[in-house]
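In what follows, a single structure is set out as structure tokens and then discussed.
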Amino acid sequence: MGLGNLVTDSGLYQKNRKGQKQNFEYAPYLSFHYRWEFSSRFEFTPELGFAFHKRPSPNHSRMTFMLLYPVSWRMWRRHYLRGGLANLVTRVAGKGGSVFMNNGNGVSLFARPSGATYSPAAAAFLGYEYRFREYLAVRFDTFLVPMLARPMRLAFSLSTNLYYF
Amino acid sequence: MIKILTLLSFAASVTSSAFTLIITNPARYATNNVEIRIANNDCDNLGLSAQDVKDMVAISVGQYWNTVPSSKIRFHSGSFVDVAEDASLTDMKNSIEDNQIIIGCSKNSDLFDSANILAVGTMTVSAPARGIVAINNTAGSRFSSLSESNQRATLAHEMGHAIGIGHSTHEYALMYFVLSESIKQESLARDDSDAITFLYPNKSKVPFLLGSCGQIRDIADKDLWFNYIFVLSVLALFLMWFFVAGSFNEMQKPQRMKL
Ligand SMILES: [Zn+2]
């Protein structure tokens, strides 16, 4: 399993009144994977991960979960290059209800989001991993989401992994 | 029968939770690529031609709603359509086809009973979806006093209503109910992106395998360096697979690292 931080949509959305973009966020990332060594230099490590974003409002939440299909290549000693395909799914959910809010010169009733939607996107990623021990590693991955489409976004994650066999 | 929702207006008048929807389950556009029709009348009180509005809309969609990777919906500035210069929202709605949005100027005094109302955006209550954005072209309209960037933000805000999004309480969100010179709205906020993702998520073509690859947009885009990185990544992946294939030939017994 792994523990880390996932940053999605880096540099895409504004984060304050000055219009500055959000490049980084704290979103704890928890992952489960299986390492399959198919030669002395190559491994396949499918992974399921969950990123818990800071709750954007009391009325709605966002979560990202990922499926990763990485191939790792042992470049030199403890240094690994990894890359492959991934599936990032964004979940936005709301509790429902309604609220009165300003609307032009008066006030109107607006609906709050109710239920959950899932938005999947294919991604390509490249990463680097350093193995302290055979079962303990730290890694950094960068993702391009979605593949072959505009607009693309950049996501990255940094995590510490424990491997079990 | 298409009904028009209660008017949602975006006033510059100063008054001051997160994203909301105009109704619980608004009509959705049945296409991923929504055409925006431009009313073919000049906005004489604002000093804008119909072509100016069309150009402004094209920039606005590229700057705001077309930037969300987790949403499938994309907008493009389409052809002109004839409407009366004092058209009501119903007149405007009737001049387009289903799954289109109309944006244009109007001098309708019932619609714009105050110069402080910059523009109005709304959509049909039930499917099929049609969106309407009317810009206040009455004498003395404050729309003309806005900076160009705030005019684009206003159009994008009203387009948000035209796809079913309500107001937000996040003050730097595009869908915040006040336009102010002191708060920049030069791109979407996360709250706006959550709203459009909630209403128009990507659809998985292969469930839980790879998901959607989204839509391919106009080539004339500024994020070219993204493509550059992407091509590099594909190359790197190709190289890796090349090595993987090579390693199969001399398939060794899996062995543990010696550290
Ligand atoms: Zn509004």
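Only a predicted model underlies this, so the values are computations on that prediction, with no experimental measurement involved. In what follows, chains are A, B, ... by sequence order, proteins preceding strands, each numbered from 1.
- Ranked by non-hydrogen atom pairs under 4.5 Å with chain B, the options A/Ser114, A/Ala116, A/Ala111 are led by A/Ala111.
- For the side chain to side chain contact (heavy atoms under 4.5 Å, CB included) test, residues two or more places apart in sequence or in another chain that qualify with A/Glu47 are A/Tyr29, A/Ser31, A/His33, A/Leu68, A/Arg82, A/Arg139.
- In this structure, chain B has no heavy atom under 4.5 Å from any part of A/Ser98.
- Taken from OG1 in B/Thr20 to CG in A/Asn59, the straight-line distance is 10.0 Å, to the nearest 0.5 Å.
- Residue A/Leu109 holds its CG atom at 11.5 Å from CD1 of B/Ile23, rounded to the nearest 0.5 Å.
- Of all heavy-atom pairs between B/Asp194 and A/Val92, the closest is O-CG1, 3.9 Å.
- Here the closest heavy-atom approach between residue A/Ser57 and residue B/His170 is recorded as CB-NE2, 4.4 Å.
- In this structure, B/Arg190 and A/His53 have side chains that are not in contact, with every pair of non-hydrogen atoms separated by 4.5 Å or more.
- B/Tyr172 places a side-chain N or O within 3.5 Å of a backbone atom of A/Lys15 that can act as its donor or acceptor partner.
- Annotation: the span from B/Tyr176 atom OH to A/Met101 atom CE amounts to 10.5 Å, rounded to 0.5 Å.
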Next item on the list: Check step by step if side-chain contact (heavy atoms from CB on, under 4.5 Å) holds for B/Leu188 and A/Gln14.
Entry: CA-CA 6 Å; B/Leu188 293 182; A/Gln14 84 176 56; over 6 Å; no
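- Relative ring orientation between B/Phe19 and A/His60 is described as perpendicular, the plane-to-plane angle rising above 60° on a 0-90° scale split at 30° and 60°.
- Judged purely by atom type and a 3.5 angstrom limit, B/His167 uses its side chain to pair as donor or acceptor with the backbone of A/Asn102.
- With a 4.5 angstrom heavy-atom cutoff, B/Ser182 touches chain A via backbone and side-chain atoms both.
- With hydrogens and angles ignored, the 3.5 Å screen pairs a side-chain donor or acceptor of B/Asn202 with a backbone N or O of A/Pro120.
- Annotation: the span from A/Arg17 atom CZ to B/Ile183 atom CD1 amounts to 4.0 Å, rounded to 0.5 Å.
- For A/Asn16, the side chain to side chain donor-acceptor pair (under 3.5 Å) partners are A/Gln20, not counting sequence neighbours.
- Distance check, rounded to the nearest 0.5 Å: CE of B/Met175 to CZ of A/Phe110 gives 8.0 Å.
- Nearest approach of B/Ser187 to A/Lys21, heavy atoms of both residues: OG-CE, 3.2 Å.
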Item checked: CA sep, side-chain torsions, deciding dist, call: A/Arg112, B/Leu21, side-chain contact (heavy atoms from CB on, under 4.5 Å) -> CA-CA 6 Å; A/Arg112 283 181 169 147; B/Leu21 310 174; over 6 Å; no
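- Looking at heavy atoms from C-beta onward, A/Leu12 lies in side-chain contact with B/Pro69 at the 4.5 angstrom threshold.
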Check: Given A/Tyr13 and B/Val68, is the side-chain contact (heavy atoms from CB on, under 4.5 Å) satisfied, shown in steps?
Finding: CA-CA 9 Å; A/Tyr13 302 121; B/Val68 183; 3.5 Å; yes
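- Checking side-chain atoms of B/Ser70 against main-chain N and O of A/Ser119 turns up no donor-acceptor pair under 3.5 Å.
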